[in-house]
Amino acid sequence: MSSKIQTVKGTREFYPEEMALRNFIYEKVRAASQSFGYQEYDGPFIEAIDLYAAKSGEELVKKQSFTFQDRGGDFVTLRPELTPSLARMIAAKQGELTFPARWWSFGPFWRYEQPQKGRSREFFQWNLDMLGVNSPEADAELIAVAATFLRSVGLTPELATIYVNNRRLMDSEFDALAISTEKRMDVSNLVDRRSKMESAKWDSYALELGLSQTQLDGLKNILGNFELWKNSEELTRLFSALEALGVSEYVKFDPNIMRGLLYYTGTVFEAFDTSGSVKRAILGGGRYDNLLADVGGQPLSGVGFAMGDVVMGIVLKEKDLLPEFTPSPAPVLVTVFEESLLRESYSLAAELRRAGLKVLCYPEPAKLQKQFKFADKMKSRVAVTLGPDEIAQNRVAIKNLANGEQTIVARASAFESIQKILASLQA
RNA sequence: GAGCCUGUAGUUCAAUCGGCGGAGCGCCACACUGUGGAUGUGGAUGUUGUGGGUUCGAACCCCAUCAGGCUCCCCA
């Protein structure tokens, strides 16, 4: 044991079963993205630390990113997010791209955090952004893509909800309460923590931050007002667009949604699993109007969201929404009767593969019993046996493993018989 | 970065007060020398996460360390 080298803390190993889950998420992500006309792209996995230091709180970047010196002495970072790379890529080709640009990506990211349930140091994330347009209807489209994904994996509106708020709306409400601009950060933080604290404690914490009793009462009033969106033209248009897109049953206004990110300027949203054990957001995003200027581009607004695979995987498992795992992608197993007939089995398997089937052939002679047990464990659908009797008659034995029926057919029609069985099992 | 809990066979978990480390499931073999799932019989499996200490004696107590979990922090 002591000589075994453990995995690096917070990293993940993808055994075939976990890999199947990751690919399942990837396929659904791709389908949702593409159905709205988004293009797949990717950025570098390693970036200069300065790319992130520019726009996020430096302490966070330094504390929670994988940063190290390369052999040339430069400080590099395993990317903790994609948006800054995207902003740079867009800025570099701003003159030649066609806008609005709709891009999506699914790849690995790293954050140096305390691993917990739903949070590892290495994770995959879906990013989807629309750049070059600034309208509530564009925001609605992003939310609709997210909802489409949720629906496609079986997370119905009863199981998952996307909560929406608007930074500009909150700012104007804060203005009305005469909360100074210096306190806005603290107040956002305060709002974020509301669900985690007892209300009395939260109140005294708010007063400690320097809010007056009147401001605190006003703030509580705002946070409890779920009709507040009607004061915002942006949100009114957003909800109307969501209705047209057919996803409004997924979306609710919630003035408590703030999101930590500094760069959000308008619509913000977060999706939650409403019934499970994971209290973390399963996806989140919003509108950012000033991001490109920070990396040297002309002002260009955008809206985007991200979803991690770790929380999504837990949610799907808890809701039993994963497709059955099949240990082998090949539904057909060709057995090996005895050593002298191994080549016969190999060439039969090759024939079937050329005909278009996915075929597993036992790679050494073994008891048929053992081979059938193997077929069972691998969840093969059909077992093909080629023994001395069959060879003498130029036939093969084909067994439907779902119902145990075996037929002996001419070798030339083996493919056809197998196809028929597989087709019947599909239905 | 801080606090708390956990770590025993492939796996899930036992092991009385510090006194011989076991069970279910799984695995292997046989019943069954041309056929899986069921059943029965038999069998294998361990440096008790790692390193040190206390003790006649440690899975159990102490220290350190690694990993996982919960909470705080944070969540780009």
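So that the names make sense, note that chain A is the first sequence line, chain B the second, and so on, each numbered from 1.
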Pairs satisfying ring-ring contact (aromatic ring centres under 6.0 Å, His included), at least one member in residues 392-427 of chain A, at least two apart: none
Distance between P atoms of G51(B) and U8(B) (Å, rounded): 15 Å
Sugar-phosphate only, base, or nothing, as touched by Phe374(A) at under 4.0 Å among non-hydrogen atoms: nothing
Atom-to-atom span, CZ of Phe272(A) to C1' of C75(B) - whole angstrom: 11 Å
Nearest listed nucleotide, side chain of Lys377(A), among C28(B), A76(B), G69(B): C28(B)
Euclidean distance for P, A76(B) against C60(B) (whole angstrom): 43 Å
Sugar-phosphate only, base, or nothing, as touched by Gln371(A) at under 4.0 Å among non-hydrogen atoms: nothing
Heavy-atom donor-acceptor pair, Lys370(A) side-chain to G36(B) base, under 3.5 Å: no
Nucleotide paired to U33(B) in any strand shown, Watson-Crick or G-U, under 3.5 Å: none
Base of U35(B) paired with side chain of Gln406(A) (donor-acceptor, under 3.5 Å): yes
Side-chain donor/acceptor of Glu390(A) to base of G34(B), under 3.5 Å: yes
With sequence neighbours excluded, residues passing side-chain contact (heavy atoms from CB on, under 4.5 Å) with Tyr112(A): Phe66(A), Arg121(A)
Touch class at under 4.0 angstrom, heavy-atom based, for Lys399(A) against every strand present: base
Spacing between Ile408(A) atom CD1 and U35(B) atom C1', to the nearest angstrom: 11 Å
Interatomic distance at P, A59(B) relative to U47(B), whole Å: 13 Å
Identified salt bridge (Lys or Arg N to Asp or Glu O under 4.0 Å) counterpart of Asp309(A) within the set Arg119(A), Arg22(A), Arg12(A), Lys28(A): Arg12(A)
Sugar-phosphate only, base, or nothing, as touched by Gly404(A) at under 4.0 Å among non-hydrogen atoms: base
U55(B) and C17(B), which share atom name C1', separated by this distance in whole Å: 15 Å
Strand partner of C72(B), provided both Watson-Crick or wobble distances fall under 3.5 Å: G1(B)
Sugar-phosphate only, base, or nothing, as touched by Asn189(A) at under 4.0 Å among non-hydrogen atoms: sugar-phosphate
Touch class at under 4.0 angstrom, heavy-atom based, for Ala402(A) against every strand present: base
Polar side chain donor-acceptor pair, Trp126(A) to Ser33(A), under 3.5 angstrom: yes
Nearest-angstrom distance, P atom, U6(B) to C63(B): 13 Å
Atom pair distance, as rounded to whole Å: CD in Glu198(A) and P in C72(B): 13 Å
Proximity of Phe124(A) and Phe14(A) rings by center, below 6.0 Å: yes
A31(B) to G68(B) separation - C1' atoms, rounded to the nearest Å: 44 Å
Touch class at under 4.0 angstrom, heavy-atom based, for Gly286(A) against every strand present: nothing
Donor-acceptor pair under 3.5 Å, Arg193(A) side chain vs C73(B) base: no
Given C73(B), G36(B), G68(B), the nucleotide with the shortest approach to the side chain of Leu401(A): G36(B)
Note: Glu122(A)-Lys9(A) ion pair, threshold 4.0 Å (strictly below): no
Polar pair under 3.5 Å, donor/acceptor by atom type, side chain Asp376(A), base G37(B): no
Watson-Crick or G-U wobble partner of A67(B), both distances under 3.5 Å: U6(B)
Listed nucleotide nearest any side-chain atom of Gln369(A), set G34(B), C28(B), C32(B): C32(B)
Rounded C1' spacing from G21(B) to U45(B) in Å: 13 Å
